[in-house]
Structure formats: structure tokens, C-alpha cells
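So the structure is just underneath, and the comments pick up after that.
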Amino acid sequence: MAERRIRITAGSVSAEAELKESATARAIWDALPLSIPAQTWGDEIYFSIPVKIQLEAPRETVDTGDLGYWPPGSAFCIFFGPTPASQGDEIRPASPVNVFGHIVGDPVAFKKVRSGTAVRLERV
């Protein structure tokens, strides 16, 4: 897969992200563009997307700026800090996710985004 980048826009916050080489990344790329209201859970934004993928190299903890796909909720997740499930400084999703990409730049800007804000995902 050639390098694939997406733009994530939520209210006044906008960032690009690079997608990895994986079945999850390909399925999400193929579903774009999307615009869906966000939900927040600690320092995570997530929202259900019309993609159904099983666990693929699942991760129980992630890094700041990681993009994850959470199969139980068919959810696109943006991680930028601890969640209610985190212990200490780790970033822990509600359950394992497929990490399929990473924010380019400072993901902490997403702290400004509130539940209900429309998140637009588009190819760059």
C-alpha cells in the first residue's frame, strides 16, 4: 500500500494522520469520507463507523496519537492521553484495539473536542 494519509477535522481541531499497512487501515480508507458525531472517554475520542473488522494484532495499551479500531463498537478511536481504564501514565482502551495509524503533529489538540462534535475523516 502506498502511503495513505487522512485528515481528521473536529470543530476547530484539524490534523493529518498516516495509516499503516493493514487490513484495518485498508477497510477504513475504503469507507472514507465520513462525518460522525464524536464521543469522549477520558483523553480518547471515538465514534462508530460503517466498517466491520475483527481483531488484527490487538493492543491492550496504545501510544499518544495512535488511531485504533475497536471491534465491539465498530469504532474509530483517537488516543491522546489516559482513559478511565488507564493505570498510571499508560493509555488503555476499554478492550484491545487494532492500531491502524498515527496522528502527525500534536494529538493533544483533540482535548478541545467535546462529545457531539462532528468529526470529518477524509483522504488527503
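In what follows, every heavy atom counts, from backbone to side chain, and hydrogens, waters and symmetry copies are set aside.
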Under 3.5 Å, is there a donor-acceptor pair between the K112 and S12 side chains?
-> no
Any side-chain heavy-atom pair of D66 and C77 under 4.5 Å = no
Within-4.5 Å side-chain heavy-atom neighbours: F100 and L19 = yes
Any donor-acceptor N/O pair, S48 side chain to G73 backbone, under 3.5 Å = yes
Can you sort out the partners of E56 under salt bridge (charged side-chain N to carboxylate O under 4.0 Å, His left out), two or more places apart, ordered by chain and number?
-> none
Evaluate the side-chain contact (heavy atoms from CB on, under 4.5 Å) criterion for residues I6 and E122: first the C-alpha distance (whole Å), next the side-chain angles of each, then the deciding distance (0.1 Å), finally the verdict.
-> CA-CA 5 Å; I6 62 171; E122 57 194 338; over 6 Å; no
Go through the structure and list residues passing side-chain hydrogen bond (donor to acceptor under 3.5 Å, both in side chains) with T61, not counting sequence neighbours.
-> none
Kindly say whether A57 contributes a backbone atom to a donor-acceptor pair with the side chain of N98 at under 3.5 angstrom?
-> no
Salt-bridge criterion met for E21 and R26 (N-O under 4.0 Å) | yes
I78/L67 under side-chain contact (heavy atoms from CB on, under 4.5 Å): CA gap, chis, key distance, verdict = CA-CA 5 Å; I78 305 167; L67 301 180; 3.9 Å; yes
List for me each residue that meets side-chain hydrogen bond (donor to acceptor under 3.5 Å, both in side chains) alongside T64, sequence neighbours excluded, and say none if there are none.
-> none
On the 0 to 90° scale, with breaks at 30° and 60°, tag the W70-Y46 ring pair as parallel, tilted or perpendicular.
-> perpendicular
Step by step, would you call F47 with Q39 a side-chain contact (heavy atoms from CB on, under 4.5 Å)?
-> CA-CA 6 Å; F47 43 91; Q39 298 180 57; 5.6 Å; no
Under 4.5 Å between any side-chain heavy atoms of R7 and S14, yes or no?
-> yes
Go through the steps for I103 and F110 under the test side-chain contact (heavy atoms from CB on, under 4.5 Å), then give the verdict.
-> CA-CA 11 Å; I103 297 288; F110 283 97; 4.0 Å; yes
Less than 4.5 Å apart, any side-chain heavy atom of T117 and any of V13?
-> no
Y69 side chain to V51 main-chain N or O, any donor-acceptor pair under 3.5 Å?
-> yes
Would you check if D43 and K111 make a side-chain contact, meaning some heavy-atom pair closer than 4.5 Å?
-> yes
Does any N or O in the side chain of T40 come within less than 3.5 Å of the main-chain N or O of E44, such that one atom is a donor and the other an acceptor?
-> no
Salt bridge between R92 and E60, side-chain N to carboxylate O under 4.0 Å?
-> yes
